[in-house]
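Beneath this line is the structure, given in structure tokens, with notes to follow.
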Amino acid sequence: MKLLLIHADKMKYEVKKKTKVAEDFDGKGYEMNEVLVAFVSVEKGDNEEVAEKAVEEILDVAKKVKAERIMLYPYAHLSSNLSDPETAVRLLKYMENLIKEEYEVHRAPFGYYKSFEISCKGHPLSELSREIRGEEEEVTKALKDEEKAVSYWYILTEDKKLVEVDKFDFTNYENLRKFVKYEMEKRRAVDKIPPHVELMKRLELADYEEASDSGHLKYYPKGRLIKSLIESFVTEKCIEFGAMEVETPIMYDRAHPTLRKYLERFPARQYIIKGDKRDFFLRFAACFGQFLIAANGVIPYRALPLRMYELTRYSFRKEQRGELVGLRRLRAFTMPDMHTIVKDMEEAKREFFEQYKLSVEVLKELGIYPEDYEVAIRVTKDFFEENKDFIYSLVDILKKPILIEMWDRRFFYFVLKFEFNFVDALDKASALSTVQIDVENAERYGIHYYDEKGEKKTPLILHCSASGAVERVMYALLEKAHMEIEKGKLPMLPVWLSPTQVRVIPVSERHLDKALEIAEVLKRNRVRVDVDDREETVSKKIRDASTEWIPYIAVIGDKELESGKLTVTVRSESTLKEQKRVEMSVEELVERIRKECEGKPFKPLPLPMLLSKRPSFR
RNA sequence: GCCGCCGUGGCUCAGCUGGUAGAGCGGGUGACUCGUAAUCACCAGGUCCCGGGUUCAAAUCCCGGCGGCGGCUCCA
């Protein structure tokens, strides 16, 4: 809603001619003295709440300028985004009634050509314009409902006993204690910058981009490489698991009836994009796109379980600013999102179990092990009671205690979900992998399958993010590396994710040719190798390679020229005090790296091979 | 969104109660041709986050904005 407020000695208007959208009015015009005239444009999206705020504003100004009366004057020309006439009239009348309680008020009729004369007083406050907007942060129904819901907390132990959280002995379960504390307490007193933020900058992986919205990062070549490798890996794992990869739009009509209802059931804030005729929201996951494909398809029972997958680059969630941190919590993030259509709850449980195992496997191969995260299961009380054996059986997969949050009623779209929560260097927890059993969207979207008798049936749907957000995987790896530093160890990334896997260091200029020759061999064998050809001392080059966490450093000097072997410093076997140096042939090094990277995607070095030709990005 | 702290060369930071900018790293040039965590010397880099205000004078004080961090709220 837009307002133009003018404090006038006199305001007089005359009705000239009706327009198509005119309301009923039989007067000819009106005149008021000592009046605050409020020219009003009612805009799309305005509602009673906005009208109330506008009235508050008008009354506030009226008091300040000591106006004796108020005139509301519909004036379309303040906005290019007008509401429909019905809403405008409704809200104008509403405002009139509110003002009437405190002031003498006249409302000029809506939808007429009118002439008017106004004499503005001309003091500093006599001309003001205001824009009134509703609550931008629409809190979804799901969020409000969650507040009202009651949670019961339990630990499901290794030997399948359900223990109330405060009766559980956390001795030897330090990480679980931290996680439970994080989940149940609201206070998190930490006064440090999360370690991964400094690391992502220092290693030239990623950085904040001030020219964008908060929570949108830029990735430098090394960061892009790592992200891209993780993306490829998770995608391959999901396809191998049986998913069909699809691609769907990133924005959707805000008014679409099905999507609208889903939005209300999802606990996240959206980015809104103004289109020419319609408003769009940016997707927060790939659900819509895939559900809309499924709703359109003809699905025989033989096609079930039917798995669809998309790597969302990006998913958008307009998290509150205070929540955004480095790679941990973003407003634009990349998420592997798989949906599985199953015929009934029995099949849903089987798939849930398998996807649980898939998630464990995916994280493990990414370098995040069961001891690095804690399992949470969120479940409605009803579902838990009816499926106790099934839920207890989940303990068998990881053989460690699980935090159970039981809701007295269902307010999201799912009855059961698990998450793997990574506990970071500052004892904060964030969810990585998750799978949910969705009991309402198949019906909402009109997704059906045909059973053996040819009858239309409504399936269930599983939502699965096998690794969780890719950025979050990077965050977890960096936080984990930091925790290694704290323990006095040398931090590193898994070899298959290390931007440079081998650095070749010539001792002096005359060793450069040999260094390049070796690098070429490594490169041909799908190893990311670079050569430090800068005019620096060997010590300096070693130091730089170490601060880049390079897994293998090969120094080439006279000794190597003679022996034909490499002296390789192996990071994973070294400590801060003592470097582990191994003599090996180029072939042996290639073989070692090949083994370490088996089954993982490979991409070439994203930077010039010669360090002397490399820019630095910060 | 609210509260608090912070924002100075590419990076990390110094600059007291106002007098108009400094170091280390990095970069360039030169010397050294070097064996496992920083070789030496010289040189070039600054709208002191942005916009207002106070003042003879603002990086410094005040107000507003933007961004970062932490807390609250919240958290696929």
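On a predicted model such as this, the values are computed, not experimentally measured, just so you know. Every chain is numbered from 1, with letters handed out A, B, ... down the list of sequences.
A salt bridge links R224(A) with E231(A): the distance from a Lys NZ or Arg NE/NH1/NH2 to an Asp or Glu carboxylate oxygen falls below 4.0 Å. Between D530(A) and R503(A) there is a salt bridge, since at least one side-chain N of the basic residue sits less than 4.0 Å from a carboxylate O of the acidic one. Salt-bridge annotation for E583(A) and K565(A): absent, with no side-chain N of the basic residue lying under 4.0 Å from a carboxylate O of the acidic one. Taking the charged nitrogens against the carboxylate oxygens, K181(A) and D427(A) have no contact shorter than 4.0 Å, which rules out a salt bridge.
Separating the C1' atom of U12(B) from that of G26(B) is a span of 11 Å, rounded to the nearest Å. For G10(B) and G28(B), the C1' atoms lie 14 Å apart once the distance is rounded to whole Å. Nucleotides U54(B) and G15(B) place their P atoms 29 Å apart, quoted to the nearest Å. With both ends at atom P, the span from G19(B) to G52(B) equals 22 Å, rounded to whole Å. Between G46(B) and C32(B), the distance separating the two P atoms is 32 Å to the nearest Å. C66(B) and U29(B): their C1' atoms are spaced 39 Å apart (whole Å). Taking atom P in both C16(B) and C42(B), the straight-line distance is 28 Å, to the nearest Å. Only the C1' atoms considered, C40(B) is 47 Å distant from G4(B), to the nearest whole Å.
Using the Watson-Crick or G-U wobble rule with both distances under 3.5 Å, G19(B) pairs with C56(B). In a base pair of the Watson-Crick type (N1 to N3 plus N6-O4 or O6-N4) or a G-U wobble (N1-O2 and O6-N3), with each distance short of 3.5 Å, C5(B) is matched with G68(B). Pair check for A14(B) finds none; no Watson-Crick or G-U wobble contact set falls under 3.5 Å. Shown here, A37(B) forms no base pair; nothing in the strands shown gives a Watson-Crick or G-U wobble contact with both key distances under 3.5 Å. With a cut-off of 3.5 Å on both pairing distances, the Watson-Crick or G-U wobble partner of C42(B) is G28(B).
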Going 5' to 3' through nucleotides 2-14 of chain B, assign each nucleotide B (protein heavy atom under 4.0 Å from a base atom), S (under 4.0 Å only from sugar-phosphate atoms) or - (no protein heavy atom that close).
--------SSS--

Scan nucleotides 34-41 of chain B nucleotide by nucleotide, 5' to 3', and note B when protein non-hydrogen atoms come under 4.0 Å of the base, S if they reach only the sugar-phosphate, - if neither.
BBBBBB--

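Atom C1' of nucleotide U73(B) and atom CZ of R329(A) are separated by 12 Å, given to the nearest angstrom. Computed from coordinates, the Y208(A) OH to C66(B) P distance equals 18 Å when rounded to whole Å. If you take NZ of K541(A) and P of U33(B), they are 14 Å apart, rounded to a whole angstrom. G26(B) atom C1' lies 14 Å from atom CZ of R202(A), rounded to whole Å. In this structure, K318(A) places its NZ atom 17 Å from P of C75(B), rounding to the nearest Å. Note: NZ (K428(A)) to P (C69(B)) measures 11 Å, nearest angstrom. The CG atom of L324(A) sits 11 Å away from the C1' atom of C75(B) (whole-angstrom rounding). One interatomic measurement links the two molecules: CD of E419(A) to C1' of C75(B), which rounds to 10 Å at whole-angstrom precision.
The closest side-chain heavy-atom distance from K541(A) to D544(A) is not below 4.5 Å. Residues V375(A) and L403(A) have side chains not in contact (no heavy-atom distance under 4.5 Å, counting atoms from C-beta outward). Here the side chains of K222(A) and L203(A) are not in contact, with every heavy-atom distance at 4.5 Å or above.
Across the interface with RNA chain B, nearest-nucleotide mapping of R328(A) and V325(A) shows V325(A) to be the residue nearer the 5′ end.
In summary, the side chains of D213(A) and Y271(A) do present a donor paired with an acceptor at a separation below 3.5 Å, with no hydrogens or angles considered. Checking K227(A) against T334(A) by side-chain atom types alone, a donor-acceptor pair falls below 3.5 Å. With no hydrogens or angles considered, no side-chain donor-acceptor pair links T235(A) and E245(A) at under 3.5 Å.
In this structure, the ring of H463(A) has its center less than 6.0 angstrom from the ring center of Y413(A).
Classification of G67(B) as anti follows from a glycosidic angle more than 90° from 0.
Looking at heavy-atom distances under 4.0 Å, F333(A) makes contact with a base.
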